[in-house]
Amino acid sequence: MTYPELWRRLLPLYDEGEAKAIVRMVLDVGFGLSLADVYAGKVTQLSQDDDHRLRKIMDKLVQGVPVQYVLGRADFAGRTFDVAQGVLIPRPETEELCAWIVQTCNNLPVCGTSPTLLDVGTGSGCIATTLALDLPTWRVSAIDISQTALDIAARNAQKLGAEVRFALQDALCMPPDADLWDVIVSNPPYIMQREAQQMQPNVLQNEPHSALFVPNENPLLFYESIARYALHALKRGGKLFFEINPLCHEAMQRMLACMGWQRIETRNDAFGKQRMMSAIRPGGLRS
């Protein structure tokens, strides 16, 4: 198949620009073909085995399987992470959350020489691993309710040389920890079920719903549980970070304010949506 024949197979699912980008990613990652190679027609010069493998990949893409799952990898914050259908595909918005946390942590007065950070609902481990590598003096831990996700996250941390402690834990049933963490971060499920009708079919059919959706009548389910845990588990003046649903940012602010959280701040993502929120544990700010 030629390059145009390949990307045109994806047009029912993607627009032309995205279809071309997906095929170029497949040819680069899967077969080592540069853009120059593609335009030079080297796609038609693949070996019989590679041609067969390419056709199998294209069949999966045509069925709507995201290219990251097909290739088993996704780029995040300048690094490559393993992904599979048991974990969410890392998003660019979450990179922005990590950048905000790194900037904050580099300027945050901490207790002791080894500040601590917890990632709640780690999934692929993209947040925990990124922060462990970008904040080398911090001790990073991560939890998830899915053993499949933890296995993938641990593999990513090991592959990228990050020291992260992983544990199996339900975010809705957190332990009675006290004064344990300097920072807690979470990108929990936050898409309301009624929003599903607006989402792309390839996301709905392939990514884990347990990591995506919350009930329409209780969209802050995970945030409330994590925020209540953090009230005691954070050290005095510790910081809480969330990735949030822009539709719920006002409700999030009200909830945190009612709990007594201080210095609640919302930030927009690159698309102008209110996507990130931070707060400081009540009970005294660090000097």
Side-chain angles (χ1 to χ4, degrees), residues 1-96 98 123-127 129-130 148-149 151-153 155-156 159-160 187 191 195-213 269-273 275:
M1 290 181 288
T2 66
Y3 170 58
E5 288 173 336
L6 291 170
W7 64 257
R8 284 180 182 136
R9 288 192 65 190
L10 301 181
L11 288 183
L13 294 173
Y14 305 99
D15 62 35
E16 181 176 326
E18 193 169 7
K20 288 180 177 179
I22 289 172
V23 171
R24 287 198 299 268
M25 181 178 177
V26 167
L27 295 174
D28 177 19
V29 174
F31 302 90
L33 295 180
S34 66
L35 185 59
D37 292 333
V38 172
Y39 285 122
K42 292 189 178 180
V43 178
T44 61
Q45 300 171 23
L46 293 173
S47 68
Q48 185 175 357
D49 287 345
D50 280 349
D51 183 72
H52 178 67
R53 185 160 60 91
L54 176 58
R55 290 176 185 273
K56 291 180 67 174
I57 289 173
M58 290 303 302
D59 287 343
K60 290 182 180 179
L61 293 173
V62 170
Q63 293 167 15
V65 180
V67 64
Q68 294 90 343
Y69 287 153
V70 174
L71 297 176
R73 53 172 279 172
D75 293 331
F76 182 85
R79 302 179 178 95
T80 299
F81 288 78
D82 291 348
V83 294
Q85 288 180 297
V87 298
L88 286 183
I89 297 168
R91 264 58 172 192
E93 303 93 301
T94 310
E95 295 182 13
E96 299 177 58
C98 287
S124 66
C126 61
I127 291 177
T129 295
T130 297
T148 297
D151 291 343
I152 294 171
R155 186 165 71 240
N156 279 320
K159 181 182 72 171
L160 293 169
N187 177 19
I191 300 173
E195 297 179 76
Q197 59 188 357
Q198 303 167 11
M199 297 174 65
Q200 294 180 336
N202 63 331
V203 173
L204 291 173
Q205 295 168 9
N206 293 279
E207 298 201 53
H209 284 202
S210 60
L212 287 170
F213 294 109
D269 62 20
F271 303 100
K273 294 185 177 181
R275 183 72 64 181

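Residues L61 and P66 come closest through the heavy atom pair CD2-C, 4.4 Å.
Atom SG in C126 sits 8.5 Å away from atom CD in E95 (nearest 0.5 Å). With rounding to the nearest 0.5 angstrom, the NZ atom of K60 is 9.5 Å from the CG atom of L71. Taking OG1 from T130 and CG from L160, the interatomic distance works out to 8.0 Å, rounded to the nearest 0.5 Å.
Partners of D269 under the side-chain hydrogen bond (donor to acceptor under 3.5 Å, both in side chains) rule, at least two apart in sequence or in another chain, are R275. Contacts of A19 classified as side-chain contact (heavy atoms from CB on, under 4.5 Å), with partners at least two apart in sequence or in another chain: W7, L10, L11, Y14. For E16, the side-chain hydrogen bond (donor to acceptor under 3.5 Å, both in side chains) partners two or more places apart in sequence, or in a different chain, are K20. In this structure, the side-chain contact (heavy atoms from CB on, under 4.5 Å) partners of R155, at least two apart in sequence or on a different chain, are D82, I152. Listed by chain and residue number, nothing satisfies the side-chain hydrogen bond (donor to acceptor under 3.5 Å, both in side chains) test with R8 (two or more places apart in sequence, or in another chain). Applying the side-chain hydrogen bond (donor to acceptor under 3.5 Å, both in side chains) rule to D75 yields the partners R73, T80; only residues at least two apart in sequence or on another chain are considered. T44 pairs by the side-chain contact (heavy atoms from CB on, under 4.5 Å) definition with T2, not counting sequence neighbours.
K273 is not listed as a side-chain neighbour of E93, based on a closest heavy-atom distance of 4.5 Å or more. Annotation: side chain of D59 is in contact with side chain of R9 (closest heavy-atom distance under 4.5 Å). Contact check for S124 versus F76: no side-chain heavy atoms found under the 4.5 Å cut-off.
Of the possible polar contacts, one joining the T129 side chain to the G125 backbone as a donor-acceptor pair under 3.5 Å is found. With hydrogens and angles ignored, the 3.5 Å screen pairs no side-chain donor or acceptor of Q85 with any backbone N or O of Y69.
A salt bridge is defined here as a Lys NZ or Arg NE, NH1 or NH2 lying under 4.0 Å from an Asp or Glu carboxylate O, and D51 with R55 meets this definition.
More than 12 heavy-atom neighbours from other residues, nucleotides or ligands sit within 6.0 angstrom of NZ on K159.
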Side-chain donor-acceptor pairs under 3.5 Å in residues 21-39, sequence neighbours left out?
{"unit_1": "R24", "atom_1": "NH1", "unit_2": "Y3", "atom_2": "OH", "d": "3.0"}
{"unit_1": "S34", "atom_1": "OG", "unit_2": "A36", "atom_2": "N", "d": "3.4"}
{"unit_1": "S34", "atom_1": "OG", "unit_2": "D37", "atom_2": "N", "d": "3.1"}
{"unit_1": "S34", "atom_1": "OG", "unit_2": "D37", "atom_2": "OD2", "d": "3.1"}
{"unit_1": "D37", "atom_1": "OD1", "unit_2": "K42", "atom_2": "NZ", "d": "3.4"}
{"unit_1": "D37", "atom_1": "OD2", "unit_2": "S34", "atom_2": "N", "d": "3.0"}

